[in-house]
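Read the structure below first, then the notes.
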Amino acid sequence: NAGVTQTPKFQVLKTGQSMTLQCAQDMNHNSMYWYRQDPGMGLRLIYYSASEGTTDKGEVPNGYNVSRLNKREFSLRLESAAPSQTSVYFCASIIRQGNTEAFFGQGTRLTVV
Amino acid sequence: AQSVTQLDSQVPVFEEAPVELRCNYSSSVSVYLFWYVQYPNQGLQLLLKYLSGSTLVESINGFEAEFNKSQTSFHLRKPSVHISDTAEYFCAVTLNAGNNRKLIWGLGTSLAVNP
C-alpha cells in the first residue's frame, strides 16, 4: 500500500525560483492538507482541501498556492521561493475530518538559498 | 478557540525508565484526542486516539494515554521505554461538533531515550 506519496524528497532552490510539490494518496480520502514543520514550531497548516473541488487557507498561506487536481492529488506551489520557506513540508490526508486518522507522506525537505 | 499545549518540549530519559509526556487542551466543546509519533526523517503516524468510551487507551507498542475531562488533559505514558521509542510525539485534537473539524496540533515533545 503506497498511502500518501510526496515528491520530491529533497529540493534546493535559489531565491525567486518556483516549484511545485506533488502529493498523491491512494486511499480514496476526501480531505488533504499541506503542513510545514520548523524546529520549535510544530506543524503549521498552509492550505487544506476538505473535499475535491475546494481549497482553503490555513495558518500560514502567504507565498503558497495549491491545486486539488482530483480526489487523489493535491499540489503545493511556491511561485517565488524565499529563504523563509526553507522547511520540511508534509502532505496528509484524512478520509473525512473529525474522528479519523490522518495519514502523512514522508516529507519534502526544501532549502531556499 | 481551541488550543493544545504540550508542556515539555524535550524529555530525556534512560532506557527502561518510565516516561510521561504531558498534553493539555482547551476547548468549549467536546473533542477527539490523538497522539502521533514521528520517527527521525519520517512522516507522522498515529500512535493512539480517544474518541469515546473508556478513558484509557492503549497502543500496540506499550504506550497508553488517559483522557481526563476535568483536567482537560491527555497525557501519554509508558512504564518502560526502549531506545527505539526515541522520536517526536505530537498531541492533537479535533472538534466533535460543527463544521470546522481540522486537527489542532501541539508543538511536539522530543523524547530522547538514552542507554
Side-chain angles (χ1 to χ4, degrees), chain A residues 1-10 21 23-25 27 29-51 54-61 87-110, chain B residues 1-10 21 23-25 27 29-53 57 59-60 67 74 87-110 112:
Chain A
N1 293 333
V4 179
T5 303
Q6 288 183 237
T7 55
K9 287 186 170 53
F10 301 93
L21 281 65
C23 175
Q25 51 90 9
M27 297 171 284
H29 285 176
N30 292 307
S31 302
M32 298 184 73
Y33 303 79
W34 276 107
Y35 292 94
R36 59 178 291 172
Q37 184 178 30
D38 303 289
M41 304 190 76
L43 290 170
R44 291 185 291 169
L45 183 63
I46 304 171
Y47 271 93
Y48 69 101
S49 171
S51 61
T54 68
T55 60
D56 287 287
K57 295 178 180 180
E59 304 168 61
V60 289
S87 187
V88 181
Y89 291 84
F90 287 99
C91 176
S93 72
I94 300 179
I95 187 165
R96 64 180 180 279
Q97 294 187 87
N99 63 352
T100 55
E101 177 181 355
F103 290 81
F104 283 79
Q106 293 292 296
T108 296
R109 189 172 296 274
L110 175 67
Chain B
Q2 295 73 36
S3 65
V4 177
T5 302
Q6 292 184 241
L7 296 159
D8 307 291
S9 60
Q10 296 183 337
L21 307 184
C23 173
N24 286 90
Y25 69 93
S27 175
V29 300
S30 64
V31 296
Y32 300 118
L33 297 148
F34 305 84
W35 275 100
Y36 283 79
V37 59
Q38 183 183 29
Y39 297 107
N41 300 312
Q42 295 188 26
L44 283 73
Q45 54 189 281
L46 182 68
L47 185 61
L48 45 76
K49 62 184 178 183
Y50 171 77
L51 303 181
S52 63
V57 291
S59 72
I60 59 173
F67 169 52
F74 191 53
E88 190 87 12
Y89 292 80
F90 291 91
C91 182
V93 304
T94 187
L95 299 183
N96 186 12
N99 294 322
N100 184 1
R101 300 194 182 195
K102 294 192 301 295
L103 279 165
I104 309 298
W105 297 90
L107 294 182
T109 298
S110 179

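A, B, ... follow the sequence lines: proteins, then strands. Residue 1 opens every chain. Everything numeric in this text was worked out from a predicted model, so none of it was measured.
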Considering only heavy atoms, which portion of A:F103 lies under 4.5 Å from any heavy atom of chain B: side chain, backbone, both, or neither? neither
Using side-chain contact (heavy atoms from CB on, under 4.5 Å), reason through A:F90 and B:Q38 one step at a time and then give a plain yes or no. CA-CA 12 Å; A:F90 287 99; B:Q38 183 183 29; 3.2 Å; yes
Across all chains, not counting sequence neighbours, the salt bridge (charged side-chain N to carboxylate O under 4.0 Å, His left out) partners of A:R44 are A:D38
Chain A interface, residue from B:F34, B:W105, B:Y50 that has the most non-hydrogen pairs under 4.5 Å: B:W105
Side chain / backbone / both / neither for B:Y36 at chain A, heavy atoms under 4.5 Å: side chain
Report which part of B:L44 has an atom under 4.5 Å of a heavy atom belonging to chain A: side chain, backbone, both, or neither. both
Part of A:A102 lying under 4.5 Å from any heavy atom of chain B: both
Roughly how far apart are A:Q37 CD and B:F90 CZ, rounded to 0.5 Å? 4.5 Å
What part of A:T100 gets closer than 4.5 Å to chain B, counting heavy atoms only: side chain, backbone, both or neither? backbone
Do B:L103 and A:I94 come within less than 4.5 Å of each other through their side chains, counting heavy atoms only? yes
